[in-house]
A.B. asks: 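Structure below; questions to follow.
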Amino acid sequence: MPMEKNFDAAAAEARISALWQEKKVGAAGANAKVGPKGEKPQAFSIMIPPPNVTGSLHMGHAFNNTLQDILIRWHRMRGHDTLWQVGTDHAGIATQMVVERELAKAGAPSRREMGREAFLAKVWEWKDQSGGTIINQLKRLGASCDWDREAFTMSGNFPDAVIKVFVDMYNKGLIYRGKRLVNWDPHFETAISDLEVENVEVAGHMWHFKYRLAGGETYEYVERDEDGLVTLRETRDYISIATTRPETMLGDGAVAVNPSDARYAPIVGKMVHLPLCDRLIPIIADEYPDPNFGSGAVKITGAHDFNDYQVAKRHGLPLYRLMDTRGAMRSDGAAYDVAVARAREIAAGAEASEAEVDALNLVPEKYRGMDRFAARAAVVADINALGLAVTVLVKEIDEDTGSEHLRLEPVVEAKKIMQPFGDRSKVVIEPMLTDQWFVDTAKIVGPALEAVRSGATKIMPESGEKTYFHWLENIEPWCISRQLWWGHQIPVWYGPSATKGEDGVTSFNMSERIAICAATEAEALERFATLYGTKPTVIASPPTDRDLAKAYESNLTAKTLIAAFAADTAGLGAGAGILVYRDPDVLDTWFSSGLWPIGTLGWPDQTPELRKYFPTSTLITGADIIFFWVARMMMMQLAVVDQVPFNTVYLHGLVRDAKGKKMSKSLGNVIDPLEIIDEFGADALRFANAAMASLGGTLKLDTARIAGYRNFGTKLWNACRFAEMNGVWEGHSTQTAPPAATATANKWIIGETAKTLLEVNSALEGYRFDQAADSLYKFVWGRVCDWYVEFAKPLLVGEHAGETRATMAWVLDNSMILLHPIMPFITEDLWGQTGAREKLLVHTDWPDLSLSLVDSAADTEMAWVIGLIEEIRSARTQMHVPVGLKLDIVATEMDAAAKAAFARNEVLIKRLARIETLTHGAAPKGSISLAVDGASFALPLDGVIDVAEDKARLSKAMDKLAKEIGGLKGRLHNPNFVASAPEDVVEEVKSNLEAREEEAAKLTAALKRLSEIG
RNA sequence: GGGCGGUUAGCUCAGCGGUAGAGCACUACGUUGACAUCGUAGUGGCCACUGGUUCGAUCCCAGUACCGCCCACCA
């Protein structure tokens, strides 16, 4: 059956994709070959960066996975034992967000209304229903993963692996719990890590407040200029502070000034009235305030600002939390006056635990329950009303009377501020004092740094290493607990602390919880039982605040504790025993995806896959997750199994639109890879991806370019179609060895094929996907299609017909093979439609060709032939000779080599240059001249020729030559050049000059002749 | 504020010490038996600027300008 005129991408992709999956062509180890002496095949493995289970394929995925698939297919064809591990990530926040949104849309009860268990069931339902989307989209892209090994960070052995790592790290002291100031997302009501915070510059304001000195004290406030001259002296009863977040003043613990700041030296150590609050706070000296910024005095709110937190820690200031989990001013706890009374005692030195300080709600009644932004407005208004705002005199003109008067107005500076936003929620992040779990990254960062420094893991491009070092060398503790439900629940159980009294009676204290970290609940219970002497009961949720309050108020004994809990929890009857509960938090998604390499390979079991494919060969991922994921995988794998997770990390940038803009829904410039595949085919998209994958460049995707590569596929298709129509594949199956060729064109293209193979190999070895694509494009279109197929047309009917058929089949087979990693569909389809094939292309062996196939004589000769044809064509076009008109040609001068070359390729030259006959002799009247290496020709164009135009043509050629000759001569006349440049360079310049001068002489002669005519 | 990168044809990008490249776009011609998703021939560059190193610089070095990206606690 003859081939169709065009490749039907949609039909072929569906058919071939199904075929690959049916044959499991991507299975681990498929096509692996043992060496000639029985050596084990070399292993090659890639871990897919697991997409979010709820996600769908975007251009970044398409790009990223194309590169992975190119490497995988290349190695697989080379007979390596190849694994491309596929799977998805449970993506805690993102997935929980999606499901919550879906529930809301469907009018279903909210997450909190339905409770943890029911909600998680819904998430699983959602996962089962839509989790396969992106996997199927990867298949459409042509990804040849081992689909049977699809992993999920919440399924199979993965949860056990994650828990085991947590327990091990906990036991080694690499994970700890602590009350720290963390980034709190008031929308999702969870802590997030530093990396999940995006700092964005927004328009903000700075307010200036006066805090009055206690007891009506005053001081001399003196400002001086650089020379020490007094510029302002006044008696003040206040200190002025500036803030962009007025609402946090309710939790101030002090006002800080720089110890070197003479203006405030007299009042350091004194107390000031905190406005709107019934409290006094001290003025302290600390290096943190910059005397040259603002008033030089900073309010210190330890529980709501990271800088202030450090200052507060240094000075032992109490940290008063002002907000609840939703970012509203607290309304819990005791009444304001009660809380203030206690706060004063604490300020005066009363003993107070961290927990107690945290439980104190110092928000005055009027602000309680207000959203933080409403509270800000209220605080500002109230301060203004109290006359405690720093004011400035403004001139006001009465519009009616035209009279001027002066008025005092609060200073509100408009100011650009960097504001933190949650990367998922997009709401303003609140620094919040909470109990969280942390990885003590400082303890595990060393090996991760060393691995890259030593080259055990190579990061490409190199600039990625600098970024990696910079971050890891300044690493902060990693907050890994999230107050979410979807995720790996932290394997820690809490129970009351137990002390055995001298009387042998154990007493319990719920305000002092003890934590037991264990892989399973059973193990945790056993350990509690040992501790308590009796087996406790596990309750689903932690004790309520009320329970804790009770526990705090009365120093409970075992009996009362049990009673208190039994009455209030989960319908458990009295006497249920000592109650323990599991930490309700889940782990940061990146904690589990940090274990992706070993987790997907079956760890902690020493599976054959783990032995064979770990450490993995290459990680290909976006540079945007170098910290989130790459660095953490390095740290985690090294901490857990003491091996690097990958040998090479290839980082790439964000895929942008044709103009270099980020793709975003709001800009409307998002290119959907699936639409591109529908329109141009997956191969075209893949080729475009490969072609733009230069190291370190920005990735700008232009659909015009994709269309160009679709055309490239068509070009290849039609070359094959031509070959197939001419029976090129008849009578032989795939030939590994190149055919013995005698015709120069055949010898030449065989050598070109070998060169291309070596270029592709070296490009892919260096992760230069762009160079591989470029080599193939130039080879297939620029040499095979543009020249070889044309040369073959006459050769296919003459004495060389047999070898030409064999050569063309071999060349096209190799084209398909070499292109297959980049364009798998069209090549697989062509493979099936041409020749008798033993196996699918995807499992066909990658060729092993050597440069000995390059026949330099054939190369030189074909270059000469191509040059001559181009000269003739160019002259014809410029002389407006109709394409259909065949001309005669006269050789006016020809050396032996040129004669032989012409003779051997006469049919080719005549056909492609549209020449009728060749004669030798003098240039006839009215002919145009052309010069090539070793020969001059005349094209008789009597009557056709336009003398003026031909003169212009020759002059232009002369100009170009003269410029080149000038440059070459200039260099040779420079004694320093001849003396210093390498000999071969000098020789090359000399021979170049000779050739150019010879050409120029011919052109000059031609011009002279032309003048004689004209 | 710190770090990293970029500036080459109208556009998007390669190249990187020895005569400037590709794709797209553009111009002219063309249905020559694979291909109009095509062919042939063309047009188009002080390789950002200024110095330096060198026999020679788009390429190496220094500085300048502009443009990106990442990190960062100035209240």
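All values reported here derive from a predicted model rather than from experimental measurement. Each chain gets a letter, A, B and so on, in the order its sequence line appears, and its residues count up from 1.
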A.B. asks: Could I get the full list of ring-ring contact (aromatic ring centres under 6.0 Å, His included) partners for A:F627, not counting sequence neighbours?
C.D. replies: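 Scan of A:F627 (ring-ring contact (aromatic ring centres under 6.0 Å, His included), adjacent residues dropped) gives A:W471.
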A.B. asks: Of all the nucleotides listed (B:G18, B:U37, B:A75), which has the minimum atom distance to the side chain of A:V298?
C.D. replies: B:A75
A.B. asks: Reckon A:K415 has a side-chain N or O less than 4.0 Å from the OP1 or OP2 of B:A75?
C.D. replies: yes
A.B. asks: Checking contacts here: which listed nucleotide (B:U37, B:G39, B:A41) is nearest the side-chain heavy atoms of A:T877?
C.D. replies: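 Ranking B:U37, B:G39, B:A41 by closest atom to the A:T877 side chain puts B:A41 first.
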A.B. asks: Tell whether A:K793 reaches the base of B:A34 with its side chain through a donor-acceptor pair below 3.5 angstrom.
C.D. replies: yes
A.B. asks: From the set B:C71, B:A36, B:G18, return the single nucleotide nearest to any side-chain atom of A:F627.
C.D. replies: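 Of the options given, the side chain of A:F627 lies nearest B:C71.
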A.B. asks: Over 60° means perpendicular and under 30° means parallel, so classify the ring planes of A:F769 and A:Y767, tilted if in between.
C.D. replies: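 Taking A:F769 first and then A:Y767, their aromatic rings stand perpendicular (interplane angle over 60°).
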A.B. asks: Under 4.0 Å between a side-chain N or O of A:K778 and OP1 or OP2 of B:G21?
C.D. replies: no
A.B. asks: Parallel, tilted or perpendicular for A:Y777 and A:Y709, by the 30°/60° rule?
C.D. replies: perpendicular
A.B. asks: B:G21 and B:U53: how far apart are their P atoms, nearest whole angstrom?
C.D. replies: 29 Å
A.B. asks: Compute the centroid of each ring, for A:Y238 and then for A:Y211, and state whether the two points are separated by less than 6.0 Å.
C.D. replies: no
A.B. asks: When you measure from the side chain of A:M725, which nucleotide among B:A14, B:G18, B:A34 comes out closest?
C.D. replies: B:A34
A.B. asks: Between the base of B:C35 and the side chain of A:K715, is there a donor and acceptor pair under 3.5 angstrom?
C.D. replies: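 Such a pair exists between side chain and base.
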A.B. asks: Expressed in whole Å, how much space separates the P atoms belonging to B:A62 and B:C11?
C.D. replies: 29 Å
A.B. asks: Side chains of A:D194 and A:N183: donor-acceptor distance under 3.5 Å anywhere?
C.D. replies: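 The criterion, which ignores hydrogens and geometry beyond distance, is satisfied for A:N183 and A:D194.
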A.B. asks: NA contact type, A:T467, heavy-atom cut-off 4.0 Å: base, sugar-phosphate, or nothing?
C.D. replies: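 The answer is nothing, as A:T467 stays clear of every strand by at least 4.0 Å.
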A.B. asks: Look at the side chain of A:R873 against the base of B:U40 and say whether a donor-acceptor pair falls under 3.5 Å; ignore hydrogens and angles.
C.D. replies: no
A.B. asks: For the P atoms, the ones on B:G23 and on B:G30, what distance do you get once it is rounded to whole angstrom?
C.D. replies: 23 Å
A.B. asks: For B:A57 and B:A36, measure between their C1' atoms and round to the nearest Å.
C.D. replies: 44 Å
A.B. asks: So if I take every side-chain heavy atom of A:N6 and compare against B:U37, B:U32, B:C74, which nucleotide ends up nearest?
C.D. replies: B:U37
A.B. asks: Looking at A:F680, is A:R710 sitting on its ring face, NZ or CZ under 6.0 Å from the six-membered ring centre and within 45 degrees of the normal?
C.D. replies: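 Judged by the rule, A:R710 and A:F680 form no cation-pi pair.
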A.B. asks: Does the side chain of A:R768 get closer than 4.0 angstrom to OP1 or OP2 of B:G15 through an N or O atom?
C.D. replies: yes
A.B. asks: Using a heavy-atom cut-off of 4.0 Å across all strands, would you classify A:P975 as base, sugar-phosphate, or nothing?
C.D. replies: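 It contacts nothing in the nucleic acid.
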A.B. asks: More than 12 foreign heavy atoms under 6.0 Å from CD of A:E198: is that the case here?
C.D. replies: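 Buried by this count: over 12 neighbours within 6.0 Å.
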A.B. asks: Determine which bases of RNA chain B form Watson-Crick or G-U wobble pairs with both distances under 3.5 Å, and write the result as a 5' to 3' dot-bracket string with | for other-strand partners.
C.D. replies: (((((((..((((....[..)))).(((((.......))))).....(((((..]....))))))))))))....
A.B. asks: It should be established whether A:S874 places a side-chain nitrogen or oxygen under 4.0 Å from OP1 or OP2 of nucleotide B:G42.
C.D. replies: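 True: A:S874 side-chain N/O within range (under 4.0 Å) of B:G42 OP1/OP2.
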A.B. asks: So, is A:N307 near the phosphate of B:C74, with a side-chain N or O under 4.0 Å from OP1 or OP2?
C.D. replies: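 The answer is no; no side-chain N or O of A:N307 sits under 4.0 Å from OP1 or OP2.
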A.B. asks: Taking 4.0 Å as the cut-off, does a side-chain nitrogen or oxygen of A:W781 come that near to OP1 or OP2 on B:G39?
C.D. replies: yes
A.B. asks: What nucleotide among B:A72, B:A75, B:G42 has an atom nearest to a side-chain atom of A:Q878?
C.D. replies: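 Looking only at heavy atoms from C-beta outward on A:Q878, the closest nucleotide is B:G42.
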A.B. asks: Please determine whether any donor N or O and acceptor N or O are separated by less than 3.5 Å between the side chain of A:E790 and the base of B:A34.
C.D. replies: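 A donor-acceptor contact between them is present.
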A.B. asks: Give one of base, sugar-phosphate or nothing for A:E988, where a contact means two heavy atoms less than 4.0 Å apart.
C.D. replies: nothing
A.B. asks: Heavy-atom count check: over 12 atoms from other residues, nucleotides or ligands less than 6.0 Å from A:E473 CD?
C.D. replies: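 Yes, CD of A:E473 has more than 12 neighbouring heavy atoms, counting only those of other groups under 6.0 Å.
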A.B. asks: Confirm from the modelled atom types if A:R914 and B:U32 form a donor-acceptor pair under 3.5 Å, side chain to base only.
C.D. replies: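 Not at all, since no donor on one side and acceptor on the other fall under 3.5 Å apart.
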A.B. asks: Going by the angle between their ring planes, with limits at 30° and 60°, are A:F712 and A:F687 parallel, tilted or perpendicular?
C.D. replies: tilted
A.B. asks: For A:N992, report the nucleic acid contact type (base, sugar-phosphate, nothing); a contact means any heavy atom under 4.0 Å.
C.D. replies: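 Base, at least one base heavy atom under 4.0 Å.
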A.B. asks: Nearest to the side chain of A:V985, heavy atoms from C-beta on, is which of B:A34, B:U40, B:G18?
C.D. replies: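 From the listed options, B:G18 comes nearest.
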A.B. asks: Distance check, C1' atoms only: B:C24 and B:G44, in whole angstrom units.
C.D. replies: 14 Å
A.B. asks: Using a 4.0 Å heavy-atom cut-off across all strands, classify A:R971 as base, sugar-phosphate, or nothing.
C.D. replies: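 Base: the residue A:R971, judged by heavy atoms under 4.0 Å, touches a nucleobase.
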A.B. asks: Measuring only the C1' atom in each nucleotide, how far is B:G10 from B:G51? A whole number of Å is fine.
C.D. replies: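 Rounded to whole Å, the distance is 32 Å.
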A.B. asks: Would you say that more than 12 heavy atoms from the other residues, nucleotides or ligands in this model lie under 6.0 Å from the CD of A:E413, or not?
C.D. replies: yes
A.B. asks: For B:A41 versus B:A22, give the span between their P atoms, rounded off to a whole number of Å.
C.D. replies: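 So the two P atoms sit 13 Å from each other.
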A.B. asks: Choose from B:A14, B:U19, B:U40 the nucleotide whose nearest atom is closest to any side-chain atom of A:R996.
C.D. replies: B:U19
A.B. asks: Where the side chain of A:T244 is concerned, which of B:A75, B:C55, B:C70 is the nearest nucleotide?
C.D. replies: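 Closest nucleotide among those given: B:A75.
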A.B. asks: For atom P, what is the distance between B:G63 and B:A20, given to the nearest Å?
C.D. replies: 29 Å
A.B. asks: Side chain of A:R721, heavy atoms from C-beta onward: which of B:C55, B:C35, B:U32 has the nearest atom to it?
C.D. replies: B:C35
